[in-house]
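Computed from heavy atoms alone, side chains included, the values below leave out hydrogens, waters and symmetry copies. Just so it is clear: chains get the letters A, B, ... in the order the sequence lines come, proteins before strands, and each one is counted from 1.
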Number of protein chains: 2
Amino acid sequence: MQPELDPHPLRSKGFRLTPQRLAILNVLQEADCHLSPVEIFQRAEERLPGLTEATVYRTLDFLTDQGLALVAHLGSGHLVYETARHEHHHLVCRTCGQTAQIDHAVLETLYAQFQSSTGFEIDTSHVVFFGHCPACLKEMKSKVESGRS
Amino acid sequence: MQPELDPHPLRSKGFRLTPQRLAILNVLQEADCHLSPVEIFQRAEERLPGLTEATVYRTLDFLTDQGLALVAHLGSGHLVYETARHEHHHLVCRTCGQTAQIDHAVLETLYAQFQSSTGFEIDTSHVVFFGHCPACLKEMKSKVESGRS
DNA sequence: GTTGGTGCAAAGTGTTTGCAACCTC
DNA sequence: GAGGTTGCAAACACTTTGCACCAAC
């Protein structure tokens with residue numbers, strides 16, 4: 001049964017299993033949320049002193065190519081990465097940056113609609129919405145109130 | 001009747017109406033699509049020689065704050081801007097970068113669902129989806145075909 | 001005339017790259 | 001041992017900032 005037990009898809013694809021790649025994968029899996037390259041570097045460097053940022057960038061790129069990591073644009077124009085393990089989506093507050101997760105099921109119907117109207121197939125593994133969180137909404141509305149009459 | 005005819009919301013808010021701001025606003029409105037800061041700089045600089053990139057960045061930021069421009073993350077981790085005039089959304093191909101527009105109506109139902117489940121109010125002015133365009137999809141599928149059996 | 005806005009140039013940030021040494025296979 | 005990976009350091013692209021001058025009000 002050994003061959004099927006191989007825990008590292010990288011090996012089976014012919015890539016080398018380096019401490020750097022393992023450290024970064026572990027960071028992503030343990031964080032279980034989106035992290036910026038710098039955050040990933042900091043956490044991985046704790047486990048693997050001597051790790052460099054260049055390697056983090058290269059590895060994140062590599063892991064994304066191999067389907068082991070997902071990349072998204074959560075705001076501020078920069079990229080964030082997360083493990084490819086779980087199927088969920090993000091809702092980001094434009095005002096405070098707070099994020100909420102969206103259940104995958106909610107989007108399924110919508111995907112079908114998009115696909116039939118545009119031919120595009122939505123990347124089911126990760127979608128990001130921008131909006132305003134309840135707290136910021138409240139604040140914005142109170143400003144409007146005080147503004148009129 | 002003059003006061004009510006003022007065509008520039010900036011003036012009425014107490015901001016100055018400079019050639020730079022007008023040029024950049026015009027570029028956004030005429031492009032009628034998303035542009036990167038560099039593209040905006042290039043186009044605006046044709047109309048207003050001497051314009052600098054620093055001013056473009058400052059102005060885009062300013063216009064976004066004032067609600068006259070919208071900012072979005074369309075891929076590659078960088079920001080793009082567009083006029084706040086029209087209500088549409090983007091679908092970006094992760095493979096080739098091609099974009100499609102999505103009708104606003106399609107999303108309205110979804111927004112309601114999100115709002116009730118998370119309390120977030122989706123930014124109705126701009127949403128971006130990532131996926132794969134028909135052409136790239138076809139290519140990806142043919143690769144899978146050739147890969148198996 | 002005031003004060004906000006711009007140009008200029010420099011610095012800052014995040015990311016990529018070339019190359020020799022290294023380590024996984 | 002061979003070749004894929006990494007560390008190092010430099011280069012790179014994009015964006016922001018300080019300050020003096022200018023122009024819109």
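- For A/E53 and D/dG7, the CD to C1' distance is 13 Å, given to the nearest whole Å.
- Within the nucleic acid shown, B/F15 comes within 4.0 Å of sugar-phosphate atoms alone, with no base atom in reach, counting heavy atoms only.
- The CG atom of B/L51 sits 18 Å away from the P atom of D/dC22 (whole-angstrom rounding).
- To the nearest 0.5 angstrom, B/T55 atom OG1 is 7.0 Å from B/I24 atom CD1.
- Results of the side-chain contact (heavy atoms from CB on, under 4.5 Å) test with A/N26 over A/R21, A/R43, A/R47 single out A/R47 as the only residue that passes.
- Phosphate contact (OP1/OP2 of C/dT6, side-chain N/O of B/T55, threshold under 4.0 Å): absent.
- One finds no side-chain N or O of A/R16 lying less than 4.0 angstrom from the OP1 or OP2 phosphate oxygen of C/dC23.
- The distance from atom CD1 of B/I40 to atom CD of B/E82, rounded to the nearest 0.5 Å, is 10.0 Å.
- Atom P of nucleotide D/dT6 and atom CG of A/L22 are separated by 10 Å, given to the nearest angstrom.
- Of the side-chain N and O atoms in B/R11, one or more sit less than 4.0 angstrom from OP1 or OP2 of D/dC25.
- Atoms OH (B/Y81) and C1' (D/dT15) sit 10 Å apart, rounded to a whole Å.
- Atom CG in A/D61 sits about 15 Å away from atom C1' in D/dT6, given to the nearest Å.
- With rounding to the nearest 0.5 angstrom, the CG atom of B/L68 is 9.5 Å from the CG atom of B/L28.
- Remark on DNA chain D: of its neighbouring residues B/Y57 and A/T18, the 5'-side contact belongs to A/T18, judged by nearest-heavy-atom nucleotide.
- A sub-4.0 Å separation between OP1 or OP2 of D/dG7 and a side-chain N or O of A/Q20 is present.
- Counting to the nearest Å, the P atom of D/dG7 and the CZ atom of A/R21 are 11 Å from each other.
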Exercise for the section: Please test A/F15 against A/F62 for ring pair (Phe, Tyr, Trp, His ring centres under 6.0 Å), starting from the C-alpha separation and ending with a verdict. Expected result: CA-CA 10 Å; A/F15 296 105; A/F62 169 79; 5.0 Å; yes
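- The separation between B/I40 atom CD1 and D/dT15 atom C1' is 14 Å, rounded to whole Å.
- Note: CZ (B/R58) to P (D/dC14) measures 19 Å, nearest angstrom.
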